[in-house]
Amino acid sequence: MRYLPKSPADREAMLKSMGARSIDDLFKSIPAEYRLNRDLKVPRQMAESEIVDWFRERSRENGDGHATFLGAGAYHHYRPVIIDSLIARGEFLTAYTPYQAEISQGTLQSIFEFQTMICELTGMEVANASMYDGSTAAAEAVMMAVRLTGRRSVAVARSVHPEYREVLATYAFHQSMPLATLPFGESGRLDLDAVEKAITSDTACVLIQSPNFFGCIEDVEALAEIAHGKGAMLVVSIAEAISLGIVEPPRSADIIAMEAQSFGVPLTFGGPYCGVIATREAFVRQMPGRLVGQTVDRNGKRGFVLTLATREQHIRREKATSNICTNQALIALMANIFMTIYGKVGLKELAKQNLAKTAYAAQQFGKHASVLFDGAPRFNEFVVRTTEHPHAINSRLLGHKIVGGFPLQKFYPELGNASLWCCTELTTRSMIDTAVGVVAESERSDSVAGDEANMEEVAK
Amino acid sequence: MSKHMTRKATRNVSQNEGLIFEKSSPGKAAWKLPPLDVPEVDTAKLLGKSERKNLGEMPEVSEIEIIRHFTRLSTWNYAIDLGMYPLGSCTMKYNPRVNEVVSRLDGIANGHPYQPEKISQGALRIIKTLSECLTEITGMDAITLQPAAGAHGELTGLLMVRAHHDSKGKQRKKVLIPDSAHGTNPATAAMVGYAIENLKSNSSGIVDTGVLEAQMTEEVAALMLTNPNTLGVFEQEIHKIADILHAKGGLLYMDGANMNALVGKVRPGDFGVDLMHLNLHKTFSTPHGGGGPGSGPVAIKKFLEPFLPKPVLISKSDGTLGFEYDRPQSIGRVRSFYGNFGMFVRALAYILANGPDGLRQTTEDAVLNANYIRKGLEGTFELPYKSPSMHEVVFSDKLQAKKGVRTMDIAKRLIDYGFHPYTTAFPLIVPGAMMIEPTESESKEEMDLFIEAMQSIAKEVEEDAEMVRSAPHSTRVSRLDETAAARNPVLRWKPQTESAKPKSEI
């Protein structure tokens, strides 16, 4: 086996040195009746070239070469090449969690820079080293608000990513945390009156997403005022991190739970991504996850260490703020490098391109179908309602090697034949025009209801 | 300095590098966007008061500066690629490079989680193939790959335990956890709303079945057991343990952190385990990346299948693969989308590179290596439990503590010899623990150097204890003031005036 650095003679010499006759001697503590006396039924050992071929085949079966209008919590942005050349360095890739600070300063300093940039972008005072993803970050941020306020119930906007809400529901179920749902109004933004009414003296926090699942930017300040007025916290989830380049961050939030996937992390069919929690300094001791802090060594030289570990499971065990141990360090490094590349000016210009493409696309779609929630400011997503079922439209678009918008029927049946479209800097005008053409075609003809069963099958 | 010092490592020049913010100046840039092919927009008009005007202290630097910055930082890290990384229970094995290559193939890296199933068959096939391999390796019946890390797998598993007991109509109150367990176990049980009851191990460091029998009641939902346990010892009475639990309706949850000792030799499903998590970033070679990403699949017995997180992968009548969302008894979702898919790709590439023979040989080598180190250091360091070792061995600092040298000091001194430290101060049942897991990835030569280094340090403890206590002596920074870091947390960079800067700004 090519990963194993021992010759048969080495193995024999080692066994001999410990007085063992065969390797079986070392497995004697496993009762004989449980030992596996056959080969595992897994594929046979493959050569590297065969492995590459096998995965190339899978890659070809997986939408290779398609352009996409999908967003909905996972965004297709350009990844500068130096991200992969840097994270491929073995010293980053094959290092463990930086508990031994003296030989982990590279990882530690880079996390410190990551925390700093997340603070700058979100307007918060502290950020952690990462969470699993945006959904678990949101759930943990809510649990943090519960601990901080001593209140138990949570009001969740229906315009928060539906899967984030599902994860929160799973986490909340056994913590006796009642969840109330806040409706969105005509504009796609939260109905402020409904929010006001929903908050009780037991509401720990209001969880919103901005830009929300429909791409609309919420009135964060007004929401913060309402929540704070009733002694509740405002937790804001941000699923599209690029929005921070041009959209004012939710500075009046108490906790921000972010998904940083847009910062240079490949889509990879849904993960690994990079959650982050950012908050105010006053709340840091209730924060989950690792934190890197600056300190000095014995000679007064600047250095970095993992700090405030008394919040964490390896010290506090069942009293810890969370059970999280392994996080998404290497993905946070990708995001870190991405933020460094674009920086103060580039991130704004990049966000502007997203905004321009989306404005153009929404305008073009609007000529042939109805663009919902047109009144609210939006970033790079918008909802289009068509006469025809979105699956049928998408199925025709696939013929152009384009993946259309995300059909909303599953999560928001009341919106009818609506789908969520996303444009990024990678969306070309010709892609938009092609998609609009396909939608226009179907909206012109009235005889589209057609063979429902067939199109369901093709589009799924 | 000892004559052994230079056998593995030699001091060399290390580049200094400040924080990226200290290199920033207006007008530098590492980015370039293509010309806009749609009309420009008036952002103020589109966004109104939501428009952001200022990106604060975000850096402005050029591409070569970024390359040098991160390359210099990288050289300050130790890594598996540099040498043995004997952290116990962490399974720091070689991370094969073909794994990285296949995970970056276009259709895999750019696959969107919501793209139609029709054009997702490649990803679904990867999930299915890996699921089949892992259920076979564990001897279980079904699996979810959704959990993002080991602790997340524990959470998922215990949620399923709760759902199981709920379905039986009677909720249980507590989870038993041995005193040798990982810290994530109690933290997880608390998140699921269970009380934690400590289970004391016997003098051999394994579960005392008499004690278990006494503590096992119908209030107990499950026992969370690591096997081999954190001493590296196989729980020989595992089936009796399972029987005691099952007799009173409890479940046996196995923390699979130490699965590297078992793959291809014995299957948890065959010795009575009801559910368990795996760590793809330990046993299945996906890189630790400085702390993540991980992946913590949970493998289960058939009777727990209705409770799996949704969606569940299914084969459809037309032969294609798809996700099933209609799972009324499911615990729900534990993560968005389908989990850390990129780690599935890498783990599967590792399994394919090994095949059944390679997986077995890997386990045998991992156990051989741990026992070789045990043999090499027995006598030099105290071995608190004499039970046979599997893939890791736990010594203690008892002999060295007499000279005032503790496990952490010895660990730090190892750095000077060119090694990463072993795990210190864990498991909690061994005061001054030195937990060593070499994995299969170490050659005999590398381990001989390690044994020699440890023996040399033991001599140094006798001759110059203070020198060991103040180690490391060869790193960029000496021991860092962790107390100050926690007392006055500085968790981000801020622009400073010259006088406020630390003495040595490098």
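Residue numbers begin at 1 in each chain, while the letters A, B, ... track the order of the sequences.
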(request) Look at the side chain of A/Gln115 and the backbone N and O of B/Leu491, then say whether any donor-acceptor pair between them is shorter than 3.5 Å. (result) yes

(request) Please confirm whether the backbone N or O of B/Ala149 pairs with a side-chain atom of A/Thr326, one donor and one acceptor, at under 3.5 Å? (result) no

(request) Find the distance between CH2 (B/Trp76) and CD1 (A/Ile103) and round it off to the nearest 0.5 Å. (result) 15.0 Å

(request) Find the one option among B/Ala189, B/Ala484, B/Pro96 whose heavy-atom pairs under 4.5 Å with chain A are most numerous. (result) B/Pro96

(message) Need one label for A/Asp133: side chain, backbone, both or neither, based on atoms under 4.5 Å from any heavy atom in chain B.
(response) side chain

(message) To the nearest 0.5 Å, what is the distance between CD on A/Gln100 and OG1 on B/Thr475?
(response) 11.0 Å

(request) Give the ring-plane orientation class for B/His239 versus A/Tyr34, where under 30° counts as parallel, over 60° as perpendicular and anything between as tilted. (result) parallel

(message) Just so I know, are the side chains of A/Gln105 and B/Leu73 near enough to count as touching, which here means a heavy-atom distance under 4.5 Å?
(response) no

(request) Below 4.5 Å from any heavy atom of chain B, which atoms of A/Ile51 appear? Answer side chain, backbone, both or neither. (result) both

(message) Using modelled atom types and a 3.5 Å cut-off, is there a donor and acceptor pairing between side-chain atoms of A/Lys344 and backbone atoms of B/Gly56?
(response) yes

(message) Under 4.0 Å between a side-chain nitrogen and a carboxylate oxygen: does that hold for A/Asp297 and B/Arg479?
(response) no

(message) Walk me through whether A/Tyr273 and B/Phe337 qualify under side-chain contact (heavy atoms from CB on, under 4.5 Å).
(response) CA-CA 11 Å; A/Tyr273 292 169; B/Phe337 312 118; 3.8 Å; yes

(request) State, yes or no, whether a side-chain contact exists between B/His69 and A/Glu113 at a heavy-atom distance under 4.5 Å. (result) yes

(request) Side chain from CB out, backbone as N, CA, C, O: work out which of these in B/Pro489 comes under 4.5 Å of a heavy atom of chain A, or both, or neither. (result) side chain

(request) Return yes if a side-chain donor-acceptor contact under 3.5 Å exists between B/Asn77 and A/Ser104, otherwise no. (result) no

(message) Could you tell me if the side chain of B/Leu19 sits less than 4.5 Å from the side chain of A/Phe304, heavy atoms only?
(response) yes

(message) Check for me whether the distance between the ring centres of A/Phe269 and B/His112 falls short of 6.0 Å.
(response) no

(request) Taking only Lys NZ, Arg NE, NH1 and NH2, and the carboxylate oxygens of Asp or Glu, determine whether A/Glu120 and B/Arg492 approach each other closer than 4.0 Å. (result) yes

(request) Give a yes or no on this: more than 12 heavy atoms of other residues, nucleotides or ligands lie within 6.0 Å of atom CZ of B/Arg104. (result) yes

(message) I'd like to know which of A/Leu291, A/Asp84, A/Ile315 tops the heavy-atom pair count under 4.5 Å against chain B.
(response) A/Asp84

(request) Starting at OH of A/Tyr3, measure out to CG of B/Asn354 and round the result to the nearest 0.5 Å. (result) 7.0 Å

(request) Might you point out which heavy atoms bring B/Pro116 and A/Val403 nearest each other, and give the distance in Å? (result) CD-CG1, 3.8 Å

(request) State whether A/Glu102 and B/Arg476 are salt-bridged, where the test is any N-O pair (Lys NZ or Arg NE/NH1/NH2 against Asp/Glu carboxylate O) under 4.0 Å. (result) no

(request) Measure B/Pro39 against the heavy atoms of chain A and call it side chain, backbone, both or neither at under 4.5 Å. (result) both

(request) Using a strict 4.0 Å threshold on nitrogen-to-oxygen distance, state whether A/Arg89 and B/Asp81 make a salt bridge. (result) no

(message) Quick check for you: to the nearest 0.5 Å, what is the distance between B/Phe70 atom CZ and A/Thr340 atom OG1?
(response) 4.0 Å

(message) Once you measure the plane-to-plane angle for A/Tyr96 and B/His288, does it fall in the parallel (<30°), tilted (30-60°) or perpendicular (>60°) bin?
(response) tilted

(message) Strictly below 4.0 Å, N to O, side chains only: are B/Arg125 and A/Glu61 in salt-bridge contact?
(response) no

(message) Quick check against the 3.5 Å criterion: does A/Gln313 have a side-chain atom that pairs as donor or acceptor with the backbone of B/Thr184?
(response) yes

(request) Using atom types as modelled and distance alone, determine if a side-chain donor or acceptor of B/Ser336 lies under 3.5 Å from a backbone N or O of A/Ser135. (result) no

(request) Sort B/Ile196 into side chain, backbone, both or neither according to what part of it lies under 4.5 angstrom from a heavy atom of chain A. (result) side chain

(request) Show your reasoning for whether side-chain contact (heavy atoms from CB on, under 4.5 Å) applies to A/Met1 and B/Arg360. (result) CA-CA 10 Å; A/Met1 208 281 129; B/Arg360 190 192 309 110; over 6 Å; no

(message) Counting only heavy atoms from other residues, nucleotides and ligands, does the tally under 6.0 Å from CD of B/Glu482 exceed 12?
(response) no

(request) May I ask you to decide if B/Gly107's main-chain N or O and A/Asn62's side chain share a donor-acceptor pair within less than 3.5 Å? (result) yes

